[in-house]
2 protein chains.
Amino acid sequence: MYTAGAEVFFEPKKVAVVGASPRPDNLGRAILENLLTGFKGKVYVVNPGYTEVLGLKSYPSVQAVPDEVDLVVVATPARLAPRIVEDAGAKGAKGVVVFSGGFAETGTDEGRMLQEEVVEVAKRYGVRLLGPNCIGVYNYSNGLDTFFLPRSKMKRPPPGPIAVVSQSGALLATLMDWAAARNIGISKAINFGNKADVDEVDSLEYMAKAPDVKAIVVYLEGVTRGRALIDAIMLNVNEGKPVIVVKGGRFQATARATLSHTASIAGSYDVFKEAMREAGALVFEDLEAAFDAAKVLVSQPLPRGPRVGIITNSGGHGVIAADTVTAEGLEVPETPAAIASSLRQIFPDRVSLRNPIDLTGDARPEQYKLVAQTLVKGGIVDSLLLIALVQPPTMDVDETLRTIELVRDDSEGVPLVVVTIGAEAGAKLARALEELGIPTFELPDRAARALASLLHFRQAKDIIKSRGPAPTVSKEAFVRAKEIIQRALSQGRSKLLEDEALELLRAYGVKVADFCVARSEEEASACAERVGPRLAMKVISPDISHKSDVGGVLVGVTPETAVSSFRAIINNVKSRAPGARVEGVLVQRLESGYEVMVGGLNDMAFGPVVTFGAGGLLAELLRDVAMRLSPLSQDEALEMIKATKVYRLLRGFRGEVPANIDAIADIIVKVSLLLNDHNEIKELDINPILANQETATAVDARVIVKRGGGQAVVR
Amino acid sequence: MYTAGAEVFFEPKKVAVVGASPRPDNLGRAILENLLTGFKGKVYVVNPGYTEVLGLKSYPSVQAVPDEVDLVVVATPARLAPRIVEDAGAKGAKGVVVFSGGFAETGTDEGRMLQEEVVEVAKRYGVRLLGPNCIGVYNYSNGLDTFFLPRSKMKRPPPGPIAVVSQSGALLATLMDWAAARNIGISKAINFGNKADVDEVDSLEYMAKAPDVKAIVVYLEGVTRGRALIDAIMLNVNEGKPVIVVKGGRFQATARATLSHTASIAGSYDVFKEAMREAGALVFEDLEAAFDAAKVLVSQPLPRGPRVGIITNSGGHGVIAADTVTAEGLEVPETPAAIASSLRQIFPDRVSLRNPIDLTGDARPEQYKLVAQTLVKGGIVDSLLLIALVQPPTMDVDETLRTIELVRDDSEGVPLVVVTIGAEAGAKLARALEELGIPTFELPDRAARALASLLHFRQAKDIIKSRGPAPTVSKEAFVRAKEIIQRALSQGRSKLLEDEALELLRAYGVKVADFCVARSEEEASACAERVGPRLAMKVISPDISHKSDVGGVLVGVTPETAVSSFRAIINNVKSRAPGARVEGVLVQRLESGYEVMVGGLNDMAFGPVVTFGAGGLLAELLRDVAMRLSPLSQDEALEMIKATKVYRLLRGFRGEVPANIDAIADIIVKVSLLLNDHNEIKELDINPILANQETATAVDARVIVKRGGGQAVVR
């Protein structure tokens with residue numbers, strides 16, 4: 001039913017403010033004042049208690065406004081919201097912003113019900129809803145500004161190519177004020193609070209199309225539409241617009257704060273980071289660094305490669321910049337001998353030409369140009385980091401400015417950032433450079449981190465491009481797997497029995513260690529003959545979780561000892577777990593190889609996720625688990641294996657035989673499909689998988705299912 | 001001969017400026033101007049080319065000054081420096097500052113020799129030398145300011161309890177200018193450039209005694225006197241003065257930049273970090289965060305524990321603050337039910353009382369006080385992080401200021417930081433709070449990181465306190481080890497033979513796998529009978545590094561197969577490494593247990609360092625090596641083992657038998673003593689050590705020695 005996007009909030013022509021009054025502390029009045037200051041469309045006031053507010057006629061209802069109304073902003077107590085949304089819907093408005101708190105974020109049933117009511121009314125009329133518990137929208141290009149903070153208390157930033165999408169209203173408002181003080185240009189901003197309807201997905205879809213937006217800074221707490229969020233980010237990345245994400249509630253203990261704040265539950269931060277990586281977003285945990293990156297990303301081209309040329313008149317600044325770009329995965333290549341010796345004709349010994357090129361304290365501006373041109377024309381650097389401190393007398397501010405502008409003009413396609421610092425002269429140079437579109441930083445480490453974001457964004461774009469097609473399975477496999485899951489659920493079991501878990505994997509083509517279920521001594525003997533020669537036997541029971549503890553597992557059984565082993569297991573279990581139902585004994589062939597593990601879970605926000613890592617003992621010691629959103633292709637699964645430490649073991653460590661990596665990747669792909677096709681699977685672990693030179697075989701599997709399940713996802 | 005410390009540079013009464021001239025771009029003139037502006041002592045000018053400079057009489061030499069001179073500052077070309085230092089020495093000056101570049105930092109022989117000459121002259125006269133290639137000293141209390149940057153280009157910060165010690169001059173100058181713009185108070189600063197004499201150690205020793213210094217920010221590139229640095233840091237830490245360290249040249253590729261910059265070679269950053277941890281210093285890789293920490297450390301008490309109470313009027317800010325303190329190892333405890341329910345009497349549902357306590361957008365200042373008092377009096381938090389955004393109309397700036405002051409006064413002993421942000425109202429509140437000594441930050445993550453530094457400093461102090469006494473070995477053990485090392489060196493070998501390495505360990509009481517050296521088939525048989533029953537045999541040769549590759553190793557030998565195995569090894573080596581000298585065959589008993597590794601090295605800066613980690617295959621996969629400066633006590637060795645991942649294995653993983661941890665610790669202690677006593681040992685690796693329930697036994701050892709060796713250290 002919802003067809004309109006977030007544009008209804010950013011681009012209305014006619015706005016009605018409901019609840020504005022002449023009282024000085026009235027929230028609607030503050031919004032009205034902000035709209036009257038700059039909004040290029042029409043503004044109407046709705047308040048049955050007044051006939052006039054701030055010189056505008058006040059109407060008793062939205063329907064009473066004698067004109068069309070696109071957007072209704074509701075600045076009334078929460079309880080009045082449903083009626084006003086209804087009024088707006090009947091009038092044909094496309095969007096309603098509800099500022100008030102008192103809805104789901106209170107954690108009370110009353111608040112939740114009120115929010116549900118508002119959503120229901122909005123849906124009925126096909127009206128998009130922003131909020132509740134939000135501060136709304138800011139759009140520099142048409143002067144729309146629904147923030148209820150007066151300009152005396154919250155400055156508005158200058159216009160610019162950055163958009164801010166924030167789940168938190170106060171964070172957004174204060175960041176705008178902070179950006180204003182720093183001259184950071186922001187064109188659009190939106191806050192959705194409880195996001196009962198419009199959320200970060202709608203907001204990002206809109207930003208992808210907005211011509212005055214070149215980068216988006218996003219603050220998120222809970223994510224509900226994870227896969228849609230990934231798509232919305234990719235829309236932007238494919239348009240060349242970096243999406244810079246900061247996530248609140250990274251830890252379990254802090255996630256509780258996000259719940260009370262904006263009524264959304266935060267999922268696992270590890271899954272979130274992996275999802276963002278796959279979407280091509282850049283994740284930051286430092287707000288300042290996020291805006292530093294945005295500043296560079298909107299003004300500089302992407303570098304061809306990782307090589308940074310650092311030119312400085314302070315050795316210390318140069319060293320810190322070099323350290324930081326290196327820590328961020330960039331390179332500071334040593335100047336080739338031929339170039340260094342040609343520069344040595346010009347520069348005295350105390351100038352180090354090795355990169356960082358340290359012109360020392362009596363550097364002159366034109367020397368920066370000479371060195372920068374040499375490095376760029378020589379093709380030995382992909383980006384430039386200039387440290388141009390104007391404290392020494394040789395560094396005239398105006399001359400430095402002109403020279404750096406020339407460096408920029410001479411280095412097309414080569415990104416450039418400048419470090420300059422200081423209370424007066426440095427600040428003057430910085431302002432002038434920023435006006436020319438050259439990003440400056442006061443500290444070398446901040447400049448270096450921001451510069452690195454360019455390469456990181458380039459790499460992020462490449463990750464998206466290189467993604468392979470997801471495979472599929474046959475209808476028969478799907479039906480077989482569904483039957484196994486449904487049988488367990490219909491019997492009230494949330495954990496599959498051993499043989500069911502192995503059958504489930506086998507249905508999707510996963511090679512499992514050959515097995516057979518014995519329900520009698522005769523069957524045990526026959527099973528062993530069939531599966532042998534070396535075997536493990538494990539009791540199958542829905543009531544026993546630690547089988548070894550009750551003598552329910554025997555390893556190293558042979559066909560000859562099968563009957564006595566079966567009998568021993570049954571007797572052990574009878575005496576040590578008297579009430580337990582015994583469904584039989586699993587007779588399984590023993591395999592050998594490296595132990596690895598493939599797992600899966602269904603994340604609340606992002607749906608099915610598959611994991612891979614070392615198995616057995618190493619699993620807990622190494623803790624190097626790679627994670628990917630499901631489903632994935634064989635190539636992606638291979639990449640995933642290569643991202644782990646245990647890969648070094650698998651490829652044949654110190655002359656040992658390597659494992660069949662393709663066979664492991666095949667299991668990962670099939671598990672990812674299984675998770676994807678059956679959202680009843682809540683958790684899945686295959687540990688160990690034994691991987692040898694020939695093949696990889698699943699040995700033990702644990703599968704937890706639940707009715708309804710998590711998100712169903714089609715990629 | 002040197003008895004005076006850095007006080008000769010900070011506290012002179014009478015200063016002579018050599019080389020000052022009336023020319024506007026003269027470096028000495030800039031220094032002279034700065035001294036005339038504020039220095040409370042006497043200033044003399046020395047320049048044979050002038051009779052008067054800036055209205056002061058100019059003398060032809062330091063000796064010609066008709067008064068005593070404590071400090072001589074030399075602003076002349078480098079080549080004149082030796083003569084002037086001599087002049088200063090003859091006059092009885094206690095310190096000389098040499099600003100000029102052109103010494104060792106050029107990397108030329110000429111520069112190095114000139115520096116050596118200056119040092120030699122200074123030593124001869126017992127004069128302390130600062131620089132060369134430096135900007136000198138700044139001391140607010142007596143107005144001493146030798147920085148040659150005019151105040152028009154570099155602002156001086158307001159006075160305050162922070163001192164800055166910097167190897168880089170330009171970094172120091174620009175940070176001072178930057179601090180001035182931020183109102184960060186700095187009382188003292190020193191830069192030693194090439195540190196031909198005075199260095200960070202002298203500087204820190206002085207700061208420990210300086211009454212107007214409460215915290216020291218240190219920027220270092222190379223360290224030469226590592227152990228002395230540790231002692232100097234501990235002097236400060238024991239005085240309650242935190243030492244905040246930023247290290248340039250963290251990576252091998254970037255360390256080359258520090259060489260050309262200040263002529264000192266950077267050691268391993270991992271060793272550096274460990275040394276700083278043991279000294280009780282706080283290491284930062286972010287300059288801004290370092291100063292943020294300093295600001296909080298000089299103004300706030302240390303918290304009793306890790307529990308932070310966060311009170312906010314923005315949910316988003318609160319969430320980010322909670323995330324960041326949690327990431328830094330602090331805790332955000334949930335408000336106990338009894339306290340929450342008493343607060344619920346006062347606050348409506350939309351106020352979350354769980355911590356962060358989110359008063360929401362219409363919070364009033366007095367609510368902060370009420371909640372803060374409740375948390376503090378309830379004893380449920382150890383520090384307070386207030387987020388007091390003044391953008392909402394309910395947050396009057398003056399009232400907020402007064403209330404936060406009351407919170408501070410009511411919460412004695414509880415550290416407090418405040419987040420407030422904004423171009424105008426926020427900035428005004430911040431300034432007023434800072435004047436009251438309450439540290440403020442614009443962004444919640446920066447506030448949280450700075451607050452965390454208080455607990456980190458408290459923990460650092462505790463580490464120093466808990467250090468145990470280092471053990472010693474007998475004279476006989478020392479002599480025996482020295483003989484083994486000297487024999488190898490006298491034979492021109494840098495690598496000990498297998499049996500020598502094992503003997504060396506045995507001399508220091510390390511239990512080694514029983515062995516015997518066989519030089520004939522008869523000896524092989526006798527050795528095997530003695531050492532057996534299960535054996536390894538390894539060729540001993542100074543010419544073969546990969547013994548397995550030439551058939552020089554056999555495992556699983558028994559006394560019965562000893563002779564044939566000996567013969568096989570000799571024949572293999574003869575045919576596959578024809579020229580190699582064979583000293584015999586090592587016959588060694590096979591041991592069993594967990595594989596661990598103990599190693600050691602002699603760091604250029606910090607001397608002997610001992611390492612511990614997983615051995616064998618896991619060594620490379622886990623890469624979790626703990627490192628400590630040598631020597632250490634049994635308790636410290638136990639702590640070191642517990643800091644590794646492999647410890648989980650050793651203490652008995654999933655019901656496996658545990659290893660004898662004390663026996664491993666004993667080897668660590670003895671290796672640390674060996675390294676400490678014999679600085680000829682450049683590298684040492686015992687891998688594997690086999691540790692089982694009874695004992696730990698060294699199996700293979702590799703020892704590299706060199707004449708002269710590294711630093712000899714007595715702790």
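Note that the structure is predicted; figures quoted are calculated from it, not measured. Throughout, protein chains are lettered first and strands after them, A, B, ... in sequence-line order, and every chain is numbered starting at 1.
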What part of B:Ala327 gets within 4.5 angstrom of chain A, counting heavy atoms only: side chain, backbone, both, or neither? both
Rounded to the nearest 0.5 Å, what separates atom CG in A:Leu175 from atom CD1 in B:Ile421? 5.5 Å
Checked B:Thr420, B:Ile357, B:Thr174, B:Asp349 vs chain A; the most non-hydrogen pairs under 4.5 Å come from B:Thr174
By a 4.5 Å heavy-atom criterion (distance strictly below it), what part of B:Glu656 contacts chain A: side chain, backbone, both, or neither? neither
Between B:Ala181, B:Ala30, B:Ala180, B:Ala423, which residue shows the highest count of heavy-atom pairs closer than 4.5 Å to chain A? B:Ala423
Quick check on A:Leu618 against chain B: is it the side chain, the backbone, both or neither that has a heavy atom closer than 4.5 Å? side chain
Counting only non-hydrogen atoms closer than 4.5 Å, does A:Lys645 touch chain B with its backbone (N, CA, C, O), its side chain (CB onward), both, or neither? both
Could you tell me which non-hydrogen atom of B:Lys153 sits nearest to which non-hydrogen atom of A:Met395, and how far apart they are? NZ-O, 2.7 Å
Could you have a look at B:Ala179, B:Gly101, B:Pro392, B:Gly361 and say which one has the most heavy-atom pairs with chain A under 4.5 angstrom? B:Pro392
Whether B:Arg350 and A:Glu105 form a salt bridge (side-chain N of Lys/Arg under 4.0 Å from carboxylate O of Asp/Glu) is what I want to check. no
So which heavy atom on B:Gly249 is nearest to which on A:Val319, and how close? N-CG1, 3.1 Å
Heavy atoms only, distances under 4.5 angstrom: which of A:Arg182, A:Met154, A:Glu110 has the most pairs with chain B? Name it, please. A:Arg182
Where does B:Leu149 contact chain A at under 4.5 Å (heavy atoms): side chain, backbone, both or neither? side chain
Donor-acceptor contact present, side-chain B:Asp323 to main-chain A:Arg250, <3.5 Å: yes
In terms of heavy-atom pairs under 4.5 Å with chain A, which of B:Ala425, B:Gly422, B:Pro24 leads? B:Gly422
Is it the backbone or the side chain of A:Leu649 that comes under 4.5 Å from a heavy atom of chain B, or both, or neither? both
Can you give me the closest heavy-atom contact between A:Gln391 and B:Asp177, atom names plus distance? NE2-OD2, 2.6 Å
What part of A:Glu442 is in contact with chain B, defined as an atom under 4.5 angstrom from a non-hydrogen atom: side chain, backbone, both or neither? side chain
Looking at B:Arg446 and A:Asp286, does any basic side-chain N land under 4.0 Å from a carboxylate oxygen? no
